[in-house]
Amino acid sequence: MEQRLFTDKVALVTGSSRGIGNAIARKLARAGADIVVNYRKEGGSSQAQGEQLCEEIREMGRRAVLVQADISKKESVKKLFREIEEQCGRLDILILNAARAPFKPIERLLERELKQLVETNYIGNIFCIQKALPMLEKAHGTVVFISSLGSRFYNPAYPLGSMKAAMESVVRDCAESLSERNISVNAVCGGLVKTDSFKVLRQYWEEIHSIPDELFVDPEEIAEVVLFLCGPASRGIRGQAIIVDKGLSNSLYRSAKKT
């Protein structure tokens with residue numbers, strides 16, 4: 001049984017029906033929080049996974065609210081936070097996890113892909129911060145953004161990395177501008193995780209097969225650091241991106257090109 005640091009607190013985890021967001025939602029629930037589970041597209045596999053996650057959270061004795069919302073659309077974000085206020089009455093923790101991007105080189109991105117990249121992974125996150133502010137201020141709440149190593153190292157066919165880097169700058173800015181409102185803002189920069197997107201990534205990055213298994217990160221390990229940043233023990237940390245990558249980024253590695 002995990003220590004229930006977050007009893008009577010409410011956490012929103014965007015894009016939490018699967019992958020890293022799913023692990024974060026479970027971890028927060030086990031620590032006592034009620035969870036708002038968010039998914040983007042109605043009627044698909046993400047909705048079914050979100051419903052299953054909510055059932056599991058309720059079995060832990062916690063409250064779970066499932067809300068469909070596409071964070072790239074301002075009206076959808078307004079609806080999301082209206083439902084949180086109506087159903088939960090408060091918000092203590094905002095986890096910015098939702099992400100969406102094609103796997104292709106930046107120079108080959110179509111106009112619609114560029115817009116999707118920015119609208120979901122940058123503008124959408126800022127929409128969420130803006131709408132969450134009144135409730136987070138009342139709760140002296142926490143914002144944690146889920147970043148990746150693509151924000152600072154080259155990753156083949158991974159334009160999402162540029163948006164992750166931009167959001168890490170937003171984290172630094174908001175950590176300062178919101179500190180007077182007693183809102184904590186940090187990020188977790190995850191290493192290589194074998195989620196659904198990894199299955200696509202390995203099609204573009206042949207050398208990934210040569211990386212030892214012990215350097216891959218489990219979603220649970222990222223969730224544990226998120227839990228730490230949401231708790232009182234992290235009160236001295238502000239505007240930082242904590243790297244969780246099993247030490248992968250400690251050594252710069254480039255495999256020999258095939259001849």
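Computed from a prediction, not measured in an experiment: that's the story for all the values here. Just so you know, these numbers use all the heavy atoms, side chains as well, and skip hydrogens, waters and symmetry mates.
Between Glu224 atom CD and Ile24 atom CD1 the span is 11.5 Å, to the nearest 0.5 Å. Rounding to the nearest 0.5 Å gives a distance of 7.0 Å between SG of Cys174 and CD1 of Ile126. The distance from atom OG of Ser147 to atom CG of Leu160, rounded to the nearest 0.5 Å, is 8.5 Å. Atom NZ in Lys27 sits 10.0 Å away from atom CD in Glu221 (nearest 0.5 Å). In this structure, CG in Asp218 is found 10.0 Å from CD1 in Ile20, a value given to the nearest 0.5 Å. For the atom pair OH (Tyr122) and OG (Ser169), the distance works out to 8.0 Å, reported to the nearest 0.5 Å.
Between the side chain of Ser46 and the backbone N or O of Ser17 there is no donor-acceptor pair closer than 3.5 Å. No donor-acceptor pair closer than 3.5 Å links the side chain of Ser151 to the backbone N or O of Lys164.
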**OP:** Check step by step if salt bridge (charged side-chain N to carboxylate O under 4.0 Å, His left out) holds for Glu75 and Lys79.
**Re:** CA-CA 6 Å; Glu75 288 304 314; Lys79 168 182 164 288; over 6 Å; no

Original post:
Stepwise, does the side chain to side chain contact (heavy atoms under 4.5 Å, CB included) test hold for Asp92 with Phe6?
Top reply: CA-CA 9 Å; Asp92 302 84; Phe6 305 107; over 6 Å; no

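Looking at every heavy atom in both residues, Leu66 comes nearest to Glu51 through CD2-CG, 3.4 Å. Taking every heavy atom of both residues into account, Cys128 and Ile71 meet most closely at SG-CG2, 3.8 Å. For the pair Thr14 and Ala98, the tightest heavy-atom approach, listed with the atom from each and the gap, is OG1-N, 2.9 Å. Pairing each heavy atom of Arg30 with each of Glu220, the nearest pair is NH2-OE2, 2.9 Å. For the residue pair Asn121 and Met167, the shortest heavy atom distance occurs at O-CG, 3.3 Å. Shortest non-hydrogen contact noted between Thr120 and Ser72 is OG1-CB, 3.5 Å.
Hydrophobic clustering (side-chain heavy atoms under 4.5 Å, transitive across Ile, Leu, Val, Met, Phe, Trp, Tyr) groups Leu114 together with Phe103.
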Please tabulate, one pair per line, all N/O donor-acceptor pairs under 3.5 Å involving side-chain atoms of residues 226-248, not counting sequence neighbours.
| from | atom 1 | to | atom 2 | distance (Å) |
| --- | --- | --- | --- | --- |
| Ser234 | OG | Phe228 | O | 3.2 |
| Ser234 | OG | Leu229 | O | 2.9 |
| Ser234 | OG | Gly231 | O | 2.9 |
| Arg235 | NH1 | Pro232 | O | 3.0 |
| Arg238 | NE | Glu176 | OE2 | 3.2 |
| Arg238 | NH2 | Glu176 | OE2 | 3.4 |
| Gln240 | NE2 | Arg238 | O | 3.2 |
| Asp245 | OD1 | Gly247 | N | 2.9 |
| Asp245 | OD2 | Ser249 | N | 2.8 |
| Asp245 | OD2 | Ser249 | OG | 2.6 |
| Lys246 | NZ | Phe216 | O | 3.1 |

Show me, pair by pair, the donor-acceptor contacts under 3.5 angstrom made by side chains of residues 130-146, not counting sequence neighbours?
| from | atom 1 | to | atom 2 | distance (Å) |
| --- | --- | --- | --- | --- |
| Glu137 | OE1 | Arg181 | NE | 3.3 |
| Glu137 | OE1 | Arg181 | NH2 | 3.2 |

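Atom CD of Glu85 sits in a sparse spot, with 12 or fewer heavy atoms from other residues, nucleotides or ligands closer than 6.0 Å. The 12-atom threshold is not exceeded at CD of Glu180, counting heavy atoms of other residues, nucleotides or ligands nearer than 6.0 Å.
Looking at Leu109 and Pro102, their side chains come closer than 4.5 Å, going by heavy atoms from C-beta outward. In this structure, Leu149 and Leu192 have side chains that are not in contact, with every pair of non-hydrogen atoms separated by 4.5 Å or more. Using a 4.5 Å cut-off on side-chain heavy atoms (C-beta onward), Arg18 and Ser45 make contact. Proximity of Arg26 to Glu56: side-chain heavy atoms (C-beta onward) are separated by under 4.5 Å at one or more points. Between Ile123 and Val118 the shortest side-chain heavy-atom distance falls below 4.5 Å.
Sorted by first and then second residue, the pairs that involve residues 31-41 and meet side-chain hydrogen bond (donor to acceptor under 3.5 Å, both in side chains), not counting sequence neighbours, are Asp34-Arg62.
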